[in-house]
K.L.:
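Please read through the structure below; I'll follow up with questions.
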Amino acid sequence: MKTLETISRFAGKYFAVWVILIAGIAYFVPAPFLPLGGYITILLGVVMFGMGLTLKPADFKLVLTKPLPVITGILAQFLIMPLGALAIAYLLQLPKELAAGLVLLGSVPGGTSSNVMVYLAKGNLALSVAMTSISTMLAPVATPLILLGLAGQWMPVDPKAMFLSIVQVIIFPIVLGFIVQKIFPKGVQKSQNVIPLISVLAIIIIVSAVISANGDHIASSGGLIFSAVMLHNFLGLCLGYGAAWLLKLDEGERRAISIEVGMQNSGLGVALASAYFGPLAALPSVIAAVWHNISGPILATIWSKNPAKQADGSRVDSGPSQAQPMAK
């Protein structure tokens with residue numbers, strides 16, 4: 001078990017490196033990875049099951065005790081990111097599948113790798129976890145409706161089918177993980193340090209599957225896709241922080257909201273795009289899985305050198321992180 005824990009920590013620490021490495025291999029040698037495309041939904045379910053194993057009722061307590069930061073963050077996430085994606089799609093004149101895929105990326109909830117980044121950035125970890133949990137629970141309704149309103153101009157959107165898919169792929173595995181945690185608390189506690197390894201492996205396989213299937217598209221429009229995803233991420237980080245600043249939230253809350261808004265559950269984006277829009281539409285989410293795990297650590301490192309202060313002048317204590325690296 002100790003060996004697995006060591007491997008898990010190593011895998012999580014260098015997550016971005018592994019994603020970039022496997023993406024490069026899948027691009028140049030696609031054949032071995034092509035059959036993996038049929039397992040994307042299952043793999044995402046495994047990742048979300050891992051999230052369910054780490055959830056605690058206390059993660060939702062903040063909504064009742066201090067609702068303003070949570071509500072601000074959730075509204076910013078489901079407004080700034082999809083509308084920002086729409087604006088970028090028009091600005092860069094993206095092809096319809098890429099445009100729909102970018103809006104889809106902006107419409108999915110946050111993933112728990114953002115929790116790790118907030119912890120490292122000395123932001124408000126409790127707020128980050130609450131935002132991830134609540135935005136994920138809202139996703140079955142919010143994501144299909146946002147897509148219907150914004151991406152329906154490019155691709156047909158079936159909100160009912162998408163609702164059922166998100167419930168099956170996201171909500172059901174999370175609830176199952178939560179139930180398993182309650183029934184077998186000791187066993188789950190012992191496996192906490194190994195869960196990140198499973199999540200990292202699952203995301204790496206998802207990335208390799210989509211990259212291998214889209215080599216030609218990446219070669220022809222890779223620069224455009226990268227530019228769109230990087231601009232979208234930058235927009236979310238800046239406007240998320242700005243929204244929190246306008247409402248005079250403290251620095252720890254600003255950092256948490258910035259990172260939560262800027263980083264999405266790209267694994268869900270890949271699964272939904274592959275199922276409803278086509279493989280090309282999945283590329284923005286695949287690129288995001290790589291880029292978010294580069295920009296996030298960079299921003300976290302910068303902020304970690306300057307401890308955040310709360311409104312009363314005291315420093316934010318992030319506390320121990322239970323989060324695990326996973327798709328955004």
Side-chain angles (χ1 to χ4, degrees), residues 63 67-92 94 98-115 117-118 121 123-124 127-154 225 227-266 268-269 272-273 284-285 287-289 291-293 295-296 298-300 303 327-328:
V63 184
L68 180 61
V70 181
I71 294 173
T72 299
I74 296 297
L75 288 176
Q77 185 165 49
F78 284 125
L79 289 174
I80 289 173
M81 297 312 281
L83 291 175
L86 182 68
I88 293 169
Y90 278 118
L91 178 67
L92 299 182
L94 297 179
L98 288 180
L102 188 66
V103 172
L104 193 158
L105 173 64
S107 305
V108 295
T112 58
S113 60
S114 59
N115 304 151
M117 295 306 110
V118 170
N124 190 319
L127 173 57
S128 176
V129 173
M131 282 185 60
T132 300
S133 304
I134 295 169
S135 66
T136 300
M137 295 303 172
L138 291 174
V141 174
T143 298
L145 290 180
I146 292 171
L147 284 172
L148 181 63
L150 300 183
Q153 59 185 301
W154 295 302
I225 301 170
S227 298
V229 170
M230 291 171 67
L231 183 58
H232 186 237
N233 177 231
F234 180 76
L235 192 71
L237 293 171
C238 292
L239 293 184
Y241 188 94
W245 178 81
L246 286 173
L247 290 176
K248 302 186 181 199
L249 302 182
D250 66 46
E251 179 62 20
E253 292 167 339
R254 294 176 194 174
R255 294 181 184 184
I257 291 174
S258 171
I259 293 174
E260 279 292 327
V261 171
M263 300 179 69
Q264 276 66 55
N265 187 334
S266 51
L268 177 58
L272 292 178
S285 292
I287 301 303
W291 175 247
H292 289 182
N293 285 284
S295 65
I298 291 173
L299 183 59
W303 270 335
K328 282 281 288 158

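These values consider heavy atoms only, across backbone and side chains, with no hydrogens, waters or symmetry-generated copies.
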K.L.:
If you compare all heavy atoms of V261 against all heavy atoms of G73, which two are closest, and at what distance to 0.1 Å?
P.N.:
CG2-O, 4.0 Å
K.L.:
Work out which heavy atom in S107 is nearest to a heavy atom in L147; give both atom names and the distance.
P.N.:
OG-CD2, 4.0 Å
K.L.:
State the CG-CG distance between L150 and L104, to the nearest 0.5 angstrom.
P.N.:
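Answer rounded to 0.5 Å: 11.0 Å.
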K.L.:
Testing the basics here: between P82 and I146, what is the closest heavy-atom pair and its distance to 0.1 Å?
P.N.:
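Nearest pair, atom of P82 first, then I146: CB-CG2, 3.5 Å.
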K.L.:
Looking at I259 and A121, what are the two nearest heavy atoms and their distance?
P.N.:
CD1-CB, 4.0 Å
K.L.:
Step by step, work out the side-chain contact (heavy atoms from CB on, under 4.5 Å) result for N124 and M131.
P.N.:
CA-CA 11 Å; N124 190 319; M131 282 185 60; over 6 Å; no
K.L.:
When rounded to the nearest 0.5 angstrom, what is the spacing between CG in L235 and CG in L83?
P.N.:
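One finds 10.0 Å between CG of L235 and CG of L83.
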K.L.:
Which heavy atom in E253 sits nearest to a heavy atom in P69, and how many Å separate them?
P.N.:
OE2-CG, 3.5 Å
K.L.:
T72: what forms a side chain to side chain donor-acceptor pair (under 3.5 Å) with it, not counting sequence neighbours?
P.N.:
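T72 satisfies side chain to side chain donor-acceptor pair (under 3.5 Å) with no residue once adjacent residues are dropped.
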K.L.:
Looking at every heavy atom in both I80 and G236, which two are closest together, and how far apart are they?
P.N.:
CG2-CA, 4.3 Å
K.L.:
Would you compute the distance between atom CG of L231 and atom CG of L91 and round it to the nearest 0.5 angstrom?
P.N.:
7.0 Å
K.L.:
Can you tell which of I134, T143, T132 makes a side-chain contact (heavy atoms from CB on, under 4.5 Å) with P109?
P.N.:
T143
K.L.:
In Å, rounded to the nearest 0.5 Å, how long is the span from CH2 of W245 to CG of D250?
P.N.:
15.0 Å
K.L.:
What's the verdict on side-chain contact (heavy atoms from CB on, under 4.5 Å) for L98 and I225, showing C-alpha distance, side-chain angles and the deciding distance?
P.N.:
CA-CA 8 Å; L98 288 180; I225 301 170; 3.8 Å; yes
K.L.:
For S295 and L299, run side-chain contact (heavy atoms from CB on, under 4.5 Å): C-alpha distance rounded to whole Å, both residues' side-chain angles, the deciding distance at 0.1 Å, then the answer.
P.N.:
CA-CA 6 Å; S295 65; L299 183 59; over 6 Å; no
K.L.:
Applying side-chain contact (heavy atoms from CB on, under 4.5 Å) to H232 and W291, what does each step give before you reach the verdict?
P.N.:
CA-CA 11 Å; H232 186 237; W291 175 247; over 6 Å; no
K.L.:
Would you mind listing every ring pair (Phe, Tyr, Trp, His ring centres under 6.0 Å) that reaches into residues 68-91, with sequence neighbours excluded?
P.N.:
Y90-W154
K.L.:
Quick check for you: to the nearest 0.5 Å, what is the distance between I287 atom CD1 and M230 atom CE?
P.N.:
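Result: 11.0 Å between the selected atoms.
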K.L.:
As an exercise, state the distance from CZ of R254 to CG of L127, rounded to the nearest 0.5 Å.
P.N.:
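Atom-to-atom, R254:CZ and L127:CG are 13.0 Å apart.
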